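A short write-up of the structure that comes next.
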Amino acid sequence: MTPRRGRVRVAVVGLGYWGPNLVRNFSELPDAIVTSVCDVRRDALERIRRRHPGTACHASFERVLVDPAVEAVAIATPVATHYGLAFAALAAGKHVFVEKPLAASYEEAEQLVSLARARGLTLMCGHTFLYSPPVNAIKELIEGGDLGDIYFVSMSRVNLGIHQPDVSVVWDLAPHDFSILRYWLGESPESVSAVSRGCVIADKPDVAFVNLGYRSGVVGHLELAWLAPSKLRRTTVVGSRRMIVYDDGSPEPVRIYDSGVSFREPESYGEYKLSYRTGAIISPPIDSREPLLLELANFCAAVQGRSTPVSTPELALEVVRAIEAVDRSLGLDGQRVRLAPERDGAEPPDALVRRVASGVRVQAGGR
Ligand SMILES: NC(=O)c1ccc[n+]([C@@H]2O[C@H](COP(=O)([O-])OP(=O)(O)OC[C@H]3O[C@@H](n4cnc5c(N)ncnc54)[C@H](O)[C@@H]3O)[C@@H](O)[C@H]2O)c1
């Protein structure tokens with residue numbers, strides 16, 4: 001694709017909690033212009049109309065699809081609607097940015113990736129943490145070997161609410177952790193086991209504890225909850241040379257501990273030697289730019305053919321695959337579930353395009 005200049009003309013769909021952040025950040029980008037917004041709720045549209053008087057407001061997604069001025073659609077609607085809206089937008093020839101997770105099942109996510117490839121359109125999933133400066137600083141440290149071999153990663157993502165109407169806490173919060181882990185480690189989990197509980201609403205897990213095993217030997221743990229007295233976004237990465245505590249939102253989000261334990265083979269029976277090291281703690285300066293702004297700038301650059309998405313379709317697929325494995329483990333009373341080796345198994349584009357052309361009708365906004 002020949003890179004082009006000129007602002008990307010975007011429609012933002014879904015103006016609830018998160019969508020207005022997309023509108024604000026696209027509006028700040030020199031490479032984008034929000035031509036229209038869409039929500040089925042009139043009050044949500046009204047709020048945006050007051051702040052952005054020149055922007056067209058639509059209560060029907062069909063109006064966005066038929067508008068030739070819209071070249072890209074950014075979707076921030078409930079997870080269950082992602083597939084229908086994204087599929088219809090791609091089928092209408094629009095580039096698509098869709099909030100995490102890409103879709104509500106691997107099968108749906110695969111179809112979106114295939115369709116985007118077949119049409120030569122950008123499809124990017126909003127895995128915002130891939131654009132977070134602390135996450136990128138830690139990625140550099142891991143890849144540069146500063147931590148040594150990674151032993152384990154433990155992540156806590158808990159706060160009070162917000163209970164989502166259509167998905168569990170796993171589908172809501174784990175996309176962040178799974179995307180970060182895939183980005184840092186370059187591999188997907190090989191096994192998953194999980195327990196959860198629907199404390200407030202039965203059958204709607206609002207707390208989950210997930211254990212992960214990786215082929216490399218790394219083990220991981222996720223603590224996810226909509227029920228916690230205070231907001232915590234804390235990750236500990238422990239390596240053979242150094243350790244890191246990443247506290248998102250703290251003024252010093254990344255702390256590197258020059259700490260560790262060395263093991264020396266016993267010289268005689270029962271006399272092994274451990275030496276503990278607690279050295280300096282360093283908080284490197286971290287860029288404070290908003291990850292969402294960087295993410296949407298990357299999307300616009302990809303649409304313009306100037307860059308490729310950091311949040312790749314492959315990563316988005318792997319995130320959905322890992323979440324489905326968590327659900328399978330939950331369905332098996334916490335049994336350990338093995339994930340098949342990663343596959344590049346999206347449906348061949350030709351077959352999918354033929355199905356679209358032969359009248360597979362995808363309802364905008366529903367499954
Ligand atoms: N990247 C992040 O850090 C982050 C943070 C929060 C939410 N999200 C994601 O954003 C998405 C939305 O989450 P939210 O918390 O804003 O949800 P929300 O329920 O607050 O808002 C969703 C909005 O979509 C509208 N909507 C639903 N169906 C529609 C349709 N067919 N056409 C037009 N509008 C429709 C609803 O009326 C509502 O206003 C989810 O995918 C969520 O995972 C991402």
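Counting from 1, the numbers follow the sequence of the chain as shown. In listed order, ligands and their atoms are each counted from 1. From a predicted model like this one, the values you see are computed outputs, not experimental measurements.
Looking at R336 and S191, their side chains do bring a donor and an acceptor atom within 3.5 Å of each other. D248 and Y246 share a donor-acceptor pair across their side chains, judged by distance under 3.5 Å alone. At a cut-off of 3.5 Å, with distance as the only test, a side-chain donor of D327 or W171 sits close to an acceptor on the other residue.
Closest heavy-atom approach to atom 3 (O) of ligand 1 among the candidates H176, Q164, R41: H176. Looking at T81, L102, D39, L22 and measuring to atom 36 (C) of ligand 1, the nearest heavy atom belongs to D39. Taking each of Y131, W18, F129 in turn, the one with a heavy atom nearest to atom 5 (C) of ligand 1 proves to be W18. Of the listed options T77, L85, V12, D166, T77 places a heavy atom closest to atom 35 (C) of ligand 1.
At a 4.0 Å cut-off, not a single heavy atom of H127 sits close enough to ligand 1 to count as contact.
In this structure, the side chains of V237 and L141 stay at 4.5 Å or more apart for every pair of heavy atoms. At a threshold of 4.5 Å between non-hydrogen side-chain atoms, the residues F87 and E108 do not count as touching.
Neither the backbone nor the side chain of F61 comes within 4.0 Å of ligand 1, counting heavy atoms alone. Contacts of V13 with ligand 1, taken as heavy-atom pairs under 4.0 Å, involve the side chain alone.
Remark: ligand 1 atoms within the under-4.0 Å shell around heavy atoms of G16 are 20 (O), 21 (O), 23 (C), 39 (O). The atoms of ligand 1 that sit less than 4.0 Å from any heavy atom of G126 are 1 (N).
The backbone N or O of Y106 lies less than 3.5 Å from a partner atom in the side chain of E324, making a donor-acceptor pair.
In this structure, H221 and F209 have parallel ring planes: the angle between them is below the 30° cut-off, well short of the 60° mark.
Between D172 and ligand 1, no pair of N/O atoms sits closer than 3.5 Å.
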